[in-house]
Amino acid sequence: MKLAFMLQINIIRQDIDSVKERLKIKNFQHIELVDRVVSLDDERKTLQFESETLQASVNTQSKSIGQFIAKGLKEEAEQAKKIVAANKSRIGELQQRLSETEAQLHQELVKLPNLPSTKVPAGTSPEDNIVEREGGIKPNLPQGALPHWDLIKKYDIIDFETGAKITGSGFPLYKGQGARLQRALVQYFLNYNIAAGYTEYLPPFMVNESSAYGTGQLPDKEGQMYYMPADNFYLIPTSEVPVTNIYRDEIIKEESLPVKMTAYSPCFRREAGSFGKDVRGLNRVHQFEKVEIVQLTHPEKSYDALEEMVNHVERLLGTLQLPYRILKLCGGDMSFTSALTYDFEVYSAAQQRWLEVSSVSNFEAYQANRAKIRYKDGNGKNQLLHTLNGSSLALPRIVACLLENNQQTDHILLPGVLHGYFGSDRIV
RNA sequence: GGUGAGGUGGAUGAGUGGCUGAAAUCAACAGUUUGCUAAACUGUCGUACGGGUUAAACUGUACCGCGGGUUCGAAUCCCGCCCUCACCGCCA
């Protein structure tokens with residue numbers, strides 16, 4: 001971690017003004033951090049230079065002490081020891097200040113979010129997102145159509161009340177056909193990703209602090225993750241965290257790129273402070289199932305990979321026959337770590353609103369810098385690669401839409417691709 | 001949870017206080033040889049942060065799991081922690 005942040009400061013120093021400009025596009029509120037970070041880095045360099053120069057002379061002296069002793073020149077040895085002792089106390093002070101400065105620099109640096117790509121539109125709220133395209137057909141629901149929170153009761157497939165009894169609100173208890181539908185969707189999504197060349201992983205569902213820093217959840221999302229103090233572990237908010245960290249501190253052969261990985265995991269999110277119909281039913285829960293795709297790519301190929309991933313998710317949504325739209329997020333709505341993000345939303349016909357079901361992002365070198373994920377280039381130099389990820393897909397809102405959009409008077413029809421996995425063409 | 005062994009460069013693996021940023025072997029890369037492949041031979045071959053340079057060259061410091069300590073000097077000695085492996089206990 002100590003080494004990695006050094007790389008980022010050099011990128012900032014190359015063009016301080018443009019860094020500030022791009023942070024403004026991201027609606028970042030503390031632009032002054034950039035200047036602070038640069039001046040801390042100046043201080044660091046000065047201290048380091050002075051301390052290392054002194055250390056070099058100490059090292060030379062120490063060698064000569066060894067030689068004096070070997071030749072039996074006691075007087076000279078004692079003399080040299082005195083000089084060394086004087087220098088060492090000075091080095092001690094410098095080192096002290098240096099490590100304080102480094103700690104401050106690191107502390108400030110990790111507060112800086114990723115820079116948005118030049119393709120990102122300015123904006124501060126979801127209204128400023130740009131609709132790239134829409135697909136699928138919105139259904140005309142019959143009179144008396146029910147929202148999913150009523151449908152799940154009607155068919156007895158998800159029990160929020162008992163989930164709340166067992167754990168708390170936002171922890172759904174899936175039952176019978178509801179549980180089976182979860183399993184069917186996970187299976188289908190994984191197989192779909194594997195067919196596109198992704199390697200399947202089943203990762204740990206808790207991560208340590210280094211992993212959480214590596215992908216940028218810390219320090220930004222501290223408090224949004226469930227934390228286990230006894231072991232200093234975090235429950236994962238997405239399998240992006242463990243999966244990307246598979247390659248933390250690794251150097252990958254260039255010819256092995258891109259690395260394509262997929263994983264199912266439950267996701268745990270505290271999501272404090274929301275209420276009302278935004279969080280009703282499956283719209284927002286503390287634990288949910290998700291299948292994720294992650295790519296590690298050559299820096300020059302990452303935007304091609306992003307497009308490929310967007311198309312991949314779009315086709316997947318198409319097979320579910322749900323009406324969807326793709327948004328390019330504006331600077332202010334993007335995550336801390338992202339350089340460019342496309343959100344996928346499906347249309348929830350009974351609620352008559354769009355629900356986010358996937359978010360596909362290019363992090364460029366931001367995560368790679370933190371997690372020290374590199375490849376060796378043609379000149380034998382280690383270079384940061386680019387990381388990307390996306391949901392394919394998050395289950396709850398998909399389920400909400402499947403239920404609402406396909407409801408009939410006494411059953412719910414499922415799309416054809418799920419029949420085999422679910423073992424039936426309908427929920428009854 | 002208990003006991004024991006161990007963590008050294010891409011890999012294997014030497015190294016118990018200065019001549020060790022680290023032997024040797026393998027892998028990798030470059031070259032020579034070779035009809036091709038193979039083999040043989042020669043050379044290169046860790047990382048990070050500084051100084052220096054148009055860029056190099058060159059040069060300083062640190063790093064042998066992590067963090068402290070002893071010493072003029074630590075991979076090597078001491079303390080704490082983490083991890084891995086083995087066996088035992090418990091257990092899905």
Side-chain angles (χ1 to χ4, degrees), chain A residues 1-14 37-106 108-110 202 204-214 228-234 242 245-257 259 365 368-385:
Chain A
M1 186 151 57
K2 205 172 189 180
L3 300 175
F5 74 84
M6 297 297 186
L7 302 171
Q8 195 190 355
I9 186 73
N10 290 334
I11 297 166
I12 292 171
R13 297 191 77 115
Q14 277 168 19
V37 151
V38 171
S39 78
L40 279 169
D41 192 45
D42 287 338
E43 195 180 332
R44 183 203 116 232
K45 287 186 182 194
T46 310
L47 289 168
Q48 179 174 341
F49 182 68
E50 198 179 335
S51 152
E52 287 185 353
T53 307
L54 274 174
Q55 184 65 51
S57 89
V58 165
N59 288 347
T60 316
Q61 291 284 343
S62 292
K63 282 211 170 104
S64 65
I65 290 170
Q67 286 162 4
F68 288 141
I69 290 171
K71 290 177 191 161
L73 303 170
K74 281 200 166 173
E75 279 299 312
E76 285 81 347
E78 287 309 312
Q79 198 62 31
K81 280 191 191 183
K82 277 181 190 158
I83 298 170
V84 167
N87 280 336
K88 278 191 71 175
S89 74
R90 174 73 182 142
I91 291 171
E93 290 168 31
L94 289 169
Q95 283 291 328
Q96 174 75 21
R97 284 170 59 198
L98 179 59
S99 64
E100 282 166 12
T101 305
E102 279 180 348
Q104 281 174 38
L105 176 58
H106 181 250
E108 301 301 332
L109 213 40
V110 293
L202 184 61
F205 299 152
M206 299 181 201
V207 294
N208 58 30
E209 212 176 342
S210 298
S211 293
Y213 265 100
M228 273 143 294
D231 301 284
N232 199 19
F233 292 153
Y234 293 86
N245 274 284
I246 291 170
Y247 285 96
R248 173 156 50 86
D249 290 322
E250 300 284 336
I251 295 165
I252 301 171
K253 289 201 180 98
E254 189 171 1
E255 57 267 28
S256 309
L257 299 176
V259 174
N369 176 54
R370 292 189 166 214
K372 280 178 43 192
I373 311 176
R374 292 170 292 177
Y375 71 96
K376 213 173 260 298
D377 72 12
N379 298 321
K381 291 282 286 178
N382 294 335
Q383 305 283 0
L384 296 175
L385 45 71

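Chain A is the first sequence line, chain B the second, and so forth, proteins listed ahead of strands; every chain is numbered from 1.
Straight-line distance between the C1' atoms of B:G13 and B:G17: roughly 22 Å, to the nearest whole Å. Rounded to the nearest Å, the gap between the P atom of B:U76 and that of B:G68 is 14 Å. Between B:C45 and B:A24, the two C1' atoms lie 15 Å apart (nearest whole Å). One P atom belongs to B:G15, the other to B:G65, and the distance between them is 15 Å to the nearest Å. Spacing of C1' atoms, B:A27 relative to B:C83, comes out at 27 Å, to the nearest Å. Across the C1' atoms, B:U54 and B:A62 are found 29 Å apart, a figure rounded to whole Å. Separating the C1' atom of B:U59 from that of B:G52 is a span of 8 Å, rounded to the nearest Å. If you take atom C1' in B:G67 and the same atom in B:A57, they sit 38 Å apart, rounded to whole Å.
Here B:G4 sits opposite B:C85 as a Watson-Crick or G-U wobble pair (both hydrogen-bonding atom distances under 3.5 Å). The nucleotide B:G46 finds its pairing partner in B:C63, both defining distances of the Watson-Crick or G-U wobble pair being shorter than 3.5 Å. When both pairing distances are held under 3.5 Å, B:A40 makes a Watson-Crick or G-U pair with B:U32. When both distances must be under 3.5 Å, the Watson-Crick or G-U wobble mate of B:G10 is B:C26. Across the strands present, B:C72 finds its partner in B:G18; the criterion is a Watson-Crick or G-U wobble pair with both atom distances under 3.5 angstrom.
Between the CD atom in A:Glu76 and the CD atom in A:Gln79 there is a gap of 8.5 Å [rounded to 0.5 Å]. Atom CZ in A:Arg374 sits 9.5 Å away from atom CG in A:Leu385 (nearest 0.5 Å). Going from atom CG of A:Asn87 over to atom CG of A:Leu94 covers 10.5 Å, rounded to the nearest 0.5 Å. The structure places NZ of A:Lys376 at 11.0 Å from NZ of A:Lys253, a figure rounded to the nearest 0.5 Å. Atom CG of A:Leu384 and atom CG of A:Asn369 lie 5.5 Å apart (nearest 0.5 Å).
Atom CZ in A:Phe68 sits roughly 14 Å away from atom C1' in B:G73 (whole-Å rounding). Here B:A48 presents its C1' atom at 14 Å from NE2 of A:His106, a figure rounded to the nearest Å. Remark: C1' of B:C29 and CD of A:Glu255 are 12 Å apart, rounded to the nearest angstrom. A straight line from CD of A:Glu254 to P of B:G10 spans 18 Å, rounded to a whole angstrom. When rounded to the nearest whole Å, the span between CG of A:Asp249 and C1' of B:C82 equals 15 Å. With rounding to whole Å, A:Leu73 atom CG is found 18 Å from B:C72 atom P. Straight-line distance from the CD atom of A:Glu102 to the P atom of B:A48: 16 Å, rounded to whole Å. A straight line from OH of A:Tyr375 to P of B:U47 spans 15 Å, rounded to a whole angstrom.
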Show the distances under 3.5 angstrom between N or O atoms of the protein and N or O atoms of nucleotides 15-22 of chain B.
from  : atom 1 : to      : atom 2 : distance (Å)
B:G18 : N2     : A:Ser62 : O      : 2.8

Scan nucleotides 59-62 of chain B against the protein and return all N/O pairs shorter than 3.5 Å with their distances rounded to 0.1 Å.
from  : atom 1 : to      : atom 2 : distance (Å)
B:G60 : N2     : A:Glu52 : OE1    : 2.7
B:G60 : N2     : A:Glu52 : OE2    : 3.3
B:G60 : N3     : A:Glu52 : OE1    : 3.4
B:U61 : OP1    : A:Asn59 : ND2    : 3.2

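Side-chain atoms of A:Gln96 and A:Glu100 form a donor-acceptor pair, as typed in the model, at a separation below 3.5 Å.
Between B:G50, B:U47, B:G73, one nucleotide has an atom nearer to the side chain of A:Lys88 than all others, and that is B:G73.
A:Lys376 comes within 4.0 angstrom of the backbone, heavy atoms only, and of no base.
Applying the side chain to side chain donor-acceptor pair (under 3.5 Å) definition to pairs two or more places apart or across chains, those involving residues 59-72 of chain A are A:Gln55-A:Asn59.
Side-chain atoms of A:Val110 and A:Arg370, non-hydrogen and from C-beta on, do get closer than 4.5 Å to each other. A:Asn208 has its side chain out of reach of A:Asn232: every pair of non-hydrogen atoms, C-beta onward, lies at least 4.5 Å apart.
Ionic pairing of A:Glu93 and A:Arg90 is present here: one or more N-O contacts between side-chain nitrogen and carboxylate oxygen are shorter than 4.0 angstrom. Between A:Asp42 and A:Lys45 no salt bridge is recorded (no basic side-chain N to carboxylate O distance below 4.0 Å).
Sequence order on RNA chain B of the closest nucleotides to A:Asn382 and A:Lys81 puts A:Asn382 first from the 5' end.
Distances shown here put a side-chain N or O of A:Arg44 below 4.0 Å from the OP1 or OP2 atom of B:G50. Remark: A:Arg374 is not in phosphate contact with B:G10, judged by side-chain N or O atoms under 4.0 Å from OP1 or OP2.
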